[in-house]
2 protein chains.
Amino acid sequence: MQNVTLNVQGMSCGHCVKAVEGSVGELEGVNGVAVKLDEALVDVSFNESQITLDKIKETIEEQGYDVV
Amino acid sequence: MQNVTLNVQGMSCGHCVKAVEGSVGELEGVNGVAVKLDEALVDVSFNESQITLDKIKETIEEQGYDVV
């Protein structure tokens, strides 16, 4: 299990929180995801034998946000 | 037919645009709705014999935004 905190730009409202948490949360291998909107942070807990961090970042970017 | 432009605070992203346009657009008596995100404006065209402006404002506020 690995825990990472990503800096994600462009999340501005509750809909954005849902878009990120929903899309990342449904990925196989992701055990938990929590957006801190005020800090532009996304905490993700995942199993590195099932999913890569790159795939998680890509999923966030597909929702229209920038992982920096 | 009546056309009004409302000043709506709190719309920050494309999801907000969809939330406002979707909820107002499906009201009976509303013929058109367009959000100008950068200007915090919502243009609404409606038939005043079918719906009141107050009902339209209420619908926007139910989505979490302030009509000012």
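What you see is a predicted model, and the numbers here were worked out from it, not measured in a lab. Proteins come first, then strands; the chains are lettered A, B, ... in the order of their sequence lines, and each starts at number 1.
Residues A:L37 and B:M11 fall into different hydrophobic clusters, defined by Ile, Leu, Val, Met, Phe, Trp and Tyr side chains chained together at heavy-atom separations under 4.5 Å. There is no path of hydrophobic side-chain contacts, each under 4.5 Å, that joins B:V17 to A:V17. Residues B:V20 and B:F46 share a single hydrophobic cluster, defined by chaining ILVMFWY side chains whose heavy atoms lie under 4.5 Å apart. Both B:I56 and B:V4 sit in one connected hydrophobic cluster of ILVMFWY residues. Membership requires side-chain heavy atoms under 4.5 Å apart, directly or through other members. When hydrophobic clusters are built by joining Ile, Leu, Val, Met, Phe, Trp and Tyr residues whose side-chain heavy atoms come closer than 4.5 Å, directly or via intermediates, A:V33 is grouped together with A:L53.
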Mind listing the donor-acceptor pairs under 3.5 Å that bridge chain A and chain B?
unit_1	atom_1	unit_2	atom_2	d
A:S12	OG	B:S12	OG	3.0

